[in-house]
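This report concerns only the one structure given below.
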Amino acid sequence: MDILQDLQERGLIHQTTDDTGIKKHLQENVVTLYCGFDPTADSLHIGHLLPVLMLKRFQRAGHRPIALIGGGTGLIGDPSGRSTERALNETDVVKGFSEKIEAQLAKLLDFEQGENAAVARNNFEWLSKMTIIDFLRDTGKHFGINYMLAKESVESRIQHGISFTEFSYMILQSLDFQNLYEKENCTLQIGGSDQWGNITAGMELIRRTRSEQEEEAKVYGLTMPLITKADGTKFGKTAGGAIWLDPEKTSPYEFYQFWINTDDRDVLKFINYFTFLDKNEVSGLEQELQTAPEKRTAHTRLAEEMTEMVHGREALEEAKRISSALFSGDIKSLNGTEIEQGFKDVPSYHKQKEDANIVELLVEAGISSSKRQAREDVKNGAIYINGERHQELDKMIGSEERIDDKFTIIRRGKKKYFLIRFE
């Protein structure tokens, strides 16, 4: 299938600068394209997945992707999609962020595929070498103030205020496109819909800096839609914050749970956006969603595809084991690492490694409000130790109840979990 047709059917194209031209260009050439990722944190989050996977789709179609890390522009701040100025990080901090993000991109894109292997570039390489005089004389003169003010990323900020630093971001991103066009024959830039103004500005800079003797530059832009959720909440955010690709910041289990808890109204859209499942399988999942929604087959497929893609097969199996154990109550089947993941956000209590009476431990850990309440909870069958109900008031919690000699999970009622950490 034609790459643009596939993207269109998946709902992944918001705008292109030249529908006919870009289609012909992609059909007749191995196209080098790029997308930028500014290192504003030490990890990418799932909001970055769509552009990364767009690069991957083009690579699978035989084209050559460049993942551009904004080591230079990340020091400035992109005003697009924001109502306030970004906090500026120090150079060393951004450098560290850049290195971590490049490592993450290397896991998602194929950097060893031959002539269309993906490559990573960092715009600090060329932006840091420019003098202010070079910037103003060679580049700034090609940008009219009225032209820049008309761009949505700038216009939306004028009312609330925008610094000259962020106002200049558009020019710096345009320099990226120009540099990659001249040095790598990069003819296509992709990005989110909020990047349209920056993309077209880069195309205009390339056009203006061609000499009269050169053939007209054939460069193109393509944007993806803004991801919206049916319930109106922001995609990629939970009560615990952003969903990161770094397993140290968001565990594979949490990552898996985010996708499996997708709203029924969003699941097919996200399957089209984020997975590489073919049309026939997606149609089958759509039919099952309509006829047997309680099976949540589409949700499970989405969670499995995304977790394996980002974290690998072993992490996926671990996430599934944790999910199954929590659903069945078979807590004892989990090891210490899995306990850490599955119960990361539940209330925890630190205790010395010593045997403790169940009633006393419930009060000591703040699980029951008093000894009287603790005794009632135990006698009424409301207390579960590592998934097993215990109703004996003289029950002692000892080494047999410590998973990996470190953890005991206590459940009170149907859903209230508590983690006892033994030291």
Side-chain angles (χ1 to χ4, degrees), residues 43 45 233 237-244 246-261 303 307 311 314-423:
S43 171
H45 53 72
T233 59
K237 296 285 187 180
T238 67
I243 304 298
W244 301 95
D246 183 343
E248 297 298 320
K249 295 169 76 74
T250 298
S251 72
Y253 166 73
E254 292 174 296
F255 191 82
Y256 179 86
Q257 286 296 313
F258 171 82
W259 295 105
I260 211 163
N261 289 321
T307 306
H311 295 298
E314 186 176 336
L316 167 62
E317 294 303 327
E318 187 175 63
K320 289 168 68 175
R321 279 198 304 273
I322 297 170
S323 300
S324 177
L326 293 184
F327 181 77
S328 66
D330 185 19
I331 306 299
K332 285 187 174 181
S333 67
L334 300 177
N335 60 39
T337 301
E338 292 165 342
I339 291 289
E340 288 272 24
Q341 284 196 55
F343 296 91
K344 179 181 176 182
D345 295 322
V346 306
S348 63
Y349 177 74
H350 293 259
K351 181 174 176 56
Q352 294 295 319
K353 284 182 183 175
E354 56 188 16
D355 292 357
N357 172 264
I358 189 171
V359 172
E360 292 179 355
L361 180 58
L362 290 174
V363 177
E364 182 184 342
I367 299 170
S368 298
S369 58
S370 65
K371 283 191 174 182
R372 177 182 175 184
Q373 182 64 55
R375 285 192 289 268
E376 285 184 13
D377 289 340
V378 173
K379 286 191 294 185
N380 293 337
I383 299 301
Y384 295 76
I385 307 297
N386 295 332
E388 296 179 355
R389 177 183 283 169
H390 288 276
Q391 294 180 267
E392 314 87 20
L393 293 176
D394 59 352
K395 168 69 180 175
M396 297 299 290
I397 309 300
S399 59
E400 289 186 5
E401 286 73 33
R402 292 199 291 268
I403 296 173
D404 277 7
D405 203 33
K406 292 189 293 187
F407 305 110
T408 297
I409 303 298
I410 298 179
R411 191 181 97 209
R412 179 172 183 256
K414 290 184 177 181
K415 295 182 178 179
K416 292 184 178 179
Y417 284 95
F418 300 85
L419 175 62
I420 309 299
R421 296 175 179 267
F422 290 93
E423 301 171 349

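Heavy-atom basis, side chains included; hydrogens, waters and symmetry copies ignored. Source: prediction; values computed, not measured. Along the sequence shown, the residues carry numbers beginning at 1.
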Does the side chain of Ser251 pick up a donor-acceptor pair with the side chain of Glu254 at under 3.5 Å?
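Short answer, yes.
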Do [X] side-chain atoms and [Y] backbone N/O form a donor-acceptor pair below 3.5 Å?
X	Y	result
Asp246	Glu248	yes
Glu423	Gln352	no
Asn357	Val359	yes

Identify the two heavy atoms, one from [X] and one from [Y], that lie closest to each other, and give their separation to 0.1 Å.
X	Y	result
Leu361	Ala356	CB-CB, 4.4 Å
Ile420	Lys351	CG2-CB, 4.3 Å
Gln257	Ser323	NE2-OG, 2.9 Å
Thr250	Phe255	CG2-N, 3.9 Å
Phe407	Arg421	CE2-NH1, 3.6 Å

My understanding is that only one of Ile331, Asn335, Leu334, Thr337 makes a side chain to side chain contact (heavy atoms under 4.5 Å, CB included) with Ile322; could you say which?
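Single side chain to side chain contact (heavy atoms under 4.5 Å, CB included) partner of Ile322 among Ile331, Asn335, Leu334, Thr337: Leu334.
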Residue pairs passing the salt bridge (charged side-chain N to carboxylate O under 4.0 Å, His left out) test where at least one lies in residues 319-329, sequence neighbours excluded:
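Only Glu304-Lys320, Arg321-Glu338 qualify under salt bridge (charged side-chain N to carboxylate O under 4.0 Å, His left out).
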Would you mind writing out the side-chain donor-acceptor pairs for residues 393-400 within the sub-3.5 Å range, not counting sequence neighbours?
| residue | atom | partner | partner atom | Å |
| --- | --- | --- | --- | --- |
| Lys395 | NZ | Glu401 | OE2 | 2.9 |

Is any side-chain heavy atom of [Y] closer than 4.5 Å to one of [X]?
X	Y	answer
Asp404	Ile339	no
Ile409	Val346	no
Ile410	Ile385	yes
Asp405	Arg402	yes

Strictly by ring-ring contact (aromatic ring centres under 6.0 Å, His included), give each pair with a member in residues 328-384 just once, sequence neighbours left out.
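Checked against ring-ring contact (aromatic ring centres under 6.0 Å, His included) - neighbours excluded - the pairs reaching residues 328-384 are Phe343-Tyr417.
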I'd like to know whether NZ of Lys371 has more than 12 heavy-atom contacts from other residues, nucleotides or ligands below 6.0 angstrom.
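Result for NZ/Lys371: open.
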